[in-house]
Amino acid sequence: MEVMRVWPPADDDALLAELGTALREAEQVSPAYLTAARGAFAWRTVDADLAIAELMFDSACDPEPAGLTRSGGDGPTRALAFRRGPVTLEIEVTGAGIVGQLSPATGGRVTARTAEGVFDEAVVGPVGFFSLAAPPPGPVRIDAHTAEYDLATSWVVLA
Amino acid sequence: MTSVDGRRAAPGAGPEVLVAAAAAGDQGAWDELVRRYAPLVRSVIRVHAMEPADAADVNQTVWLRLVEHLDRLRDPGALATWLATTTRRECYRQLRIGRRTQPFDPYDDSPIAAALVPDPDTPDEQVMRAERRQALREALAQLPPRCRELLAMLLGDPPASYRQISERLGMPVGSVGPTQARCLRRLRESPALAALLVGPAPCEAGRR
């Protein structure tokens, strides 16, 4: 089996050939990829005061935990859960939009953005419920600002 | 290795140096990270047959994730593995969402089918090879300048002859072969090639 062979290759010509492949590959990254990658750094300062809530569950690729309930309705629903310490932010995404639950519930505000800017904002209800517009393509992040905590979800493609 | 300014960071500066500088706000260090690791991210994306728009979304997501994790990477020295793992996981997620992915016929002549059919290796093997190519680039960057120049000339298009190398580097023609062998040995023994690990399962959302 190819991958079980000794690596790096003991043969000089084989090593040189592999190095050549590696170097050519480095020249083939499209400018658009590089621009997007460099541009991501602008979010460092924007994020500085926000704790990141990590993505803990995504129904698109993780096995369903027992007891998860779905609201159903507008076609296929995707459920995601983010957590930071004791705070969880759960959302359900359909073609109609995003509905979410922030807990513990302390009111506040959520802002949904792409790397290009804010696409929706909403007030968080007294029981932690909020709803947002359907996400545009590309990575999305939801920021939550409450009297007791501020956090931002990890970036994730929703649609 | 002491500079925190990526624009002046030594070519062999380890990823942990660049990560620390970028976490402190050094755009130059970030640009160097991008220059160095964008080929790895792209290669891992290419392992997964995706529409160009989906592939671009994965690329952007991975770099945004790295920004948010700059000061929280468990092992910044193993950045290549973190990037390969994160990229795989996001590719898998993107494929599962299936937004722009069309069912395809493996025998049609679209670029996706062409990219899929000829490679009999599993994604695991292909990602491992992408990590190896990344390690080779890093190992090369850590070699002495003379070795880097000699190997670059040998790998030119067309490759330089021993005579041309001898003239450029000011060494006897008879020394080129032995020097090449010595440089390749140093490359092979580089710490950058040691301890290459394959990442965990592709869709372990968020957990590191």
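A note on names: the letters A, B, ... follow the listed sequences, proteins ahead of strands, and every chain is numbered from 1.
Residue contact with chain B, scored on non-hydrogen atoms closer than 4.5 Å, involves the backbone and the side chain of A:Val156 alike. With a 4.5 Å cut-off on non-hydrogen atoms, B:Ala23 touches chain A through its backbone but not through its side chain. Only the side chain of B:Leu140 comes within less than 4.5 Å of a heavy atom in chain A; its backbone stays farther off. Heavy-atom distances place no part of B:Leu33 under 4.5 Å from chain A, backbone and side chain included. Neither the backbone nor the side chain of B:Leu40 comes within contact range of chain A, judged by heavy atoms closer than 4.5 Å. Looking at B:Leu66, neither its backbone nor its side chain comes within 4.5 Å of chain A, counting heavy atoms on both sides. Looking at A:Glu27, neither its backbone nor its side chain comes within 4.5 Å of chain B, counting heavy atoms on both sides.
Within 6.0 Å of the CZ atom in B:Arg186, the count of heavy atoms belonging to other residues, nucleotides or ligands does not exceed 12. When the shell of 6.0 Å around CZ of B:Arg146 is examined, it contains more than 12 heavy atoms from other residues, nucleotides or ligands.
No hydrogens or angles considered: nothing links the side chains of B:Arg129 and B:Gln126 as a donor-acceptor pair under 3.5 Å. Of the N and O atoms on the side chains of B:His69 and A:Glu54, at least one donor lies less than 3.5 Å from an acceptor on the other residue. Side chain to side chain, B:Arg88 and B:Tyr92 fail the donor-acceptor criterion of an N or O pair below 3.5 Å. Between the side chains of B:Asn59 and B:Trp63, at least one donor N or O lies within less than 3.5 Å of an accepting N or O. When only modelled atom types and interatomic distance are considered, A:Thr88 and A:Ser103 share a side-chain donor-acceptor pair under 3.5 Å. For the 3.5 Å distance criterion, the side chains of B:Glu32 and B:Tyr37 fail to qualify, holding no donor opposite an acceptor.
Close approach to chain B, defined as a heavy atom under 4.5 Å from one of its heavy atoms, is seen in A:Glu18, A:Leu19, A:Gly20, A:Thr21, A:Ala22, A:Leu23, A:Glu25 of residues 17-25 of chain A, taken by number. Applying a 4.5 Å heavy-atom cutoff, the residues of residues 154-161 of chain B that approach chain A are B:Leu154, B:Leu155. Residues of residues 30-39 of chain A having a heavy atom under 4.5 Å from any heavy atom of chain B, listed by number: A:Tyr33, A:Leu34, A:Ala36, A:Ala37, A:Arg38.
One distance of note links CG of B:Leu70 with CZ of A:Arg44; it measures 8.0 Å at 0.5 Å rounding. Expressed to the nearest 0.5 Å, how far CG of B:Asp31 lies from CZ of A:Phe41 amounts to 8.0 Å.
For A:Glu121, the side-chain hydrogen bond (donor to acceptor under 3.5 Å, both in side chains) test picks out no residue, with sequence neighbours left out.
For the salt bridge (charged side-chain N to carboxylate O under 4.0 Å, His left out) criterion with A:Asp58, the lone passing option out of B:Arg93, B:Arg89, B:Arg96 is B:Arg93.
When atom types are taken as modelled, the side chain of A:Arg113 and the backbone of A:Val140 share no donor-acceptor pair closer than 3.5 angstrom. Remark: the backbone N or O of A:Ile142 is paired with a side-chain donor or acceptor of A:Thr153 at under 3.5 angstrom. No side-chain donor-acceptor contact under 3.5 Å links B:Gln142 to the backbone of B:Ala139.
Pairing each heavy atom of A:Val157 with each of B:Gln94, the nearest pair is CG2-OE1, 3.6 Å.
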